[in-house]
Structures are given as structure tokens and as C-alpha cells.
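These values consider heavy atoms only, across backbone and side chains, with no hydrogens, waters or symmetry-generated copies.
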Amino acid sequence: MSKRIALVLGSGGARGYAHIGVIEELEARGYEIACIAGCSMGAVVGGIYAAGKLNDYRDWTQSLDYLDVLRLLDVSFRLGAIRGEKVFGKIREMIGEINIEDLSIPFTAVATDLTNQQEVWFQEGCLHQAMRASAAIPSLFTPVIQGNRMLVDGSLLNPLPIIPVVSSHCDLIIAVNLNSTNQLHYELPVIERPPALKSRIDALMSSLGSRLPNFKWKSASDDELLLLEDQSQLQAAEAINPWQQHARNSGDKAAPKSASGSRVADLSGPASLLELINQSFEVMQTSLAQYKIAGYPPDILINVPKRACRFFEFYKAPELIMLGRQIASDTLDRYERGDQ
């Protein structure tokens, strides 16, 4: 007989793709996910799963390379670097117009109301808007304005929302913490990718050139990401795209490797003001998550190491999904043997 579980999916930027791998491993072992609570990327993955569209979302994210992610950036100059309309518009296409109360399982998305300085639980109403509000990462995505409330990422107050599922009457509560600092033996799997095609880079340059005034571009080689004539435009691009500088200066090919040959994230320091803000934000999330775990310990805690990848590396879905499944498998093995 399968065990009914309440699944808690935490925040953590691009590391949220690991949630997909965790869900795949749970289902492969026969666990029944009876309800979900999520924050930020946890709310996105959890909401899409509850809507029955996780396979579509996984296939889409795994198809994205570095240039695809750049194409999804819709620059904003108000209250956030990115409007998020392209990303969440794609998600809206996948899930359609559906309310939370109409999902097949109970779902809670956690956001933060800056106006009233309080946590907000979305347990009814538009699923898309709930996920968008929960994932409105400060400084990256613009907030969601709802009446007199300004809603941003729920991880400001609750990066691992265990409390919403405590009364769910499930057999187990399983929480996935994306901000673990004590799992150093896990490294991001290596997945070889073909180099970016010259034609795709040139097409991107042409597209950008048609939208931005005084934007000049040259024919790009396979190793060149952006060639901007104006230095101020280059700095602006790096401000809204913090991983761009790392990809151009070092890239995955130059990423440090462990003794086993696996690449690990180079977290030596922020490359931009935006990344500095988000690294500070992650420090806060890590501390808050520890308090939530101590206050309401889940039956099973799946820890994904914070050093697995940078907060912004949304083009690494295949690696992170694989990592999430590996960590979930090891954790569930220990639980099923009675080791925890």
C-alpha cells in the first residue's frame, strides 16, 4: 500500500529544478503525493505538478540552453530587472486558466505582502497569479500588485512552508530544502552540451538590435555571447543578467572540477550588484529555513546543497533534475532502511 505524503517544496532560484527530480523519484517508488505547499520555484513546480503538466514543464526546461534563457528576459526598469511576462506567459500556456480549488490535490503557494508585512497563503483563486506572486524574487522579478498589496517572493518570510501541510492527515511530511550547507559530497552532474550555433547568436543579436535604440552588433563566433559597442550598454546587460559575465569570462568549460571530475559552482563572489543582492537574499533564506525545520521537523528532509549551482543558472535544468533525483533516492534509501 502506497504512503500518502504531504510535499513541501522550498525556494532557491534555479535549484528549484531539483524539485522535478525529487517528484520523479517519489512517484517511481510508489509514494502518493496528496498535497503540496511551495514557495518561489517550489510553488511554480508544485503548482504545475498539481495541474498535471509537470512533464510538459520538464521537457520545456530541459530544452533551454543559455541563449534560450536570454531570450526569455524581458527587461524592466521598475521594481525589478525582469517583468517575467515571457517566462510566466509560457507557464500560463501550459496550465491554462485554472483555479487552485479546482486542482486534483490541495495546493498552497506562499508569498510575502510587503505592504502589510505579512505572509500570504494562496489556497484558492488563480493558480497562475499565485505562482507568479510567490516567485517574484526581489530585485529580479517585478512584484505582483493585488489591490493594496504588493506581493513578492514568499521566501522573505517562509522559504520552506511546512506549516500549511501540518494538518493534512497524510502519512508523511517530506520537505525539500534547496539551501542546505552540509551536503558537500553532492556535485552537479556533468551533461555535455553542443556549442551554441553561430546562427542562433546572430539571430539573437538581430532581435535585440530591433528593440533597443543605438544597439550595434557584430557577427558572433561560437564563443561570443554578446558584442556591444557601447560600454554602458554592456554594463546594463550584465546588471540584468548576472550570469552573463561568468559565462563570457569563464564559462562551464572553465568551471572548477572536483577530484571525481564533476563540475562545481564557482561561488567565489558576486559578478554584479543584482547578484550581490541575491546572494544576501540567499543567506537570509538559509537561516530562515533552519528555523522552520527546527520548529516543525518533517518526517523526511531532502537537502539539496546550496553550492550546487548559482541562483540564476536557469539553463541547467537537466543537471539539476538529475541531481534532485539522486539526492532524493539516497535520502529515501536511508529512510526505508530505518537509518533516519
Side-chain angles (χ1 to χ4, degrees), residues 5-24 26-27 31-62 64 72 84-113 119-137 140-141 143-144 146 151-165 168 170 173-178 302 304 314 317 320-321 324:
I5 64 170
L7 185 60
V8 180
L9 303 178
S11 63
R15 291 189 301 278
Y17 288 139
H19 291 317
I20 300 174
V22 171
I23 290 173
E24 289 178 347
L26 288 170
E27 291 191 324
Y31 290 88
E32 177 191 351
I33 301 173
C35 70
I36 296 179
C39 177
S40 195
M41 271 292 285
V44 172
V45 173
I48 292 173
Y49 173 81
K53 299 296 182 179
L54 189 61
N55 288 340
D56 294 340
Y57 180 69
R58 180 197 60 212
D59 293 342
W60 176 61
T61 58
Q62 288 185 323
L64 299 176
L72 291 171
E85 293 176 3
K86 290 184 179 179
V87 174
F88 286 96
K90 180 66 176 181
I91 293 173
R92 185 192 289 270
E93 290 178 13
M94 289 183 192
I95 65 174
E97 299 295 334
I98 185 171
N99 287 334
I100 295 173
E101 59 268 32
D102 297 326
L103 297 173
S104 59
I105 59 175
F107 171 73
T108 303
V110 176
T112 299
D113 178 3
E119 191 174 319
V120 177
W121 293 3
F122 286 94
Q123 296 178 320
E124 59 182 19
C126 176
L127 173 62
H128 177 267
Q129 187 175 37
M131 294 190 298
R132 175 65 179 85
S134 182
I137 304 168
L140 184 60
F141 287 108
V144 171
Q146 191 179 76
L151 301 173
V152 297
D153 197 305
S155 59
L156 266 70
L157 296 176
N158 194 351
L160 194 63
I162 300 172
I163 300 176
V165 304
S168 63
C170 291
I173 295 177
I174 298 179
V176 185
N177 174 28
L178 301 179
I302 298 174
V304 176
F314 287 96
L320 289 160
I321 292 171

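Judged by distance alone, with hydrogens and angles left aside, the side-chain atoms of His19 form no donor-acceptor pair with the main-chain N or O of Val8 at under 3.5 Å. Distance alone, capped at 3.5 Å, places no donor-acceptor pair between the Glu119 side chain and the Ala111 backbone. In this structure a side-chain-to-backbone donor-acceptor pair under 3.5 Å is missing from Asn99 to Glu101. Ser134 places a side-chain N or O within 3.5 Å of a backbone atom of Ser40 that can act as its donor or acceptor partner. His128 contributes a side-chain N or O that, together with a main-chain N or O of Phe88, makes up a donor-acceptor pair within less than 3.5 Å.
Side-chain contact check for Leu7 versus Tyr31: every heavy-atom pair is 4.5 Å or farther apart. Between Asp56 and Ile95 there is no side-chain heavy-atom pair separated by less than 4.5 Å. Contact of the Ile321 side chain with the Glu24 side chain is registered, since non-hydrogen atoms from C-beta on lie closer than 4.5 Å.
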Could you go through the side-chain contact (heavy atoms from CB on, under 4.5 Å) check for Tyr49 and Glu27 one step at a time? CA-CA 12 Å; Tyr49 173 81; Glu27 291 191 324; 2.7 Å; yes
Evaluate Tyr17 against Phe314 for side-chain contact (heavy atoms from CB on, under 4.5 Å), listing each step before the verdict. CA-CA 8 Å; Tyr17 288 139; Phe314 287 96; 3.9 Å; yes
Could you walk me through whether Ile174 and Val22 satisfy the side-chain contact (heavy atoms from CB on, under 4.5 Å) test, starting with their C-alpha distance in whole Å, then the side-chain angles of each, then the deciding distance to 0.1 Å, before giving a yes or no? CA-CA 10 Å; Ile174 298 179; Val22 171; 5.6 Å; no
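Interatomic distance, Met94 CE to Leu54 CG, rounded to the nearest 0.5 Å: 10.0 Å. Between the CG atom in Asn55 and the CD1 atom in Ile20 there is a gap of 9.5 Å [rounded to 0.5 Å]. Atoms CG and CG, on Asn177 and Leu160 in that order, are 5.5 Å from each other to the nearest 0.5 Å.
For the side chain to side chain contact (heavy atoms under 4.5 Å, CB included) with Lys53, the qualifying choice from Ile91, Ile98, Ile48 is Ile48, the only one to do so.
Enclosure of atom CD in Gln123 by more than 12 non-hydrogen atoms of other residues, nucleotides or ligands within 6.0 angstrom is indicated.
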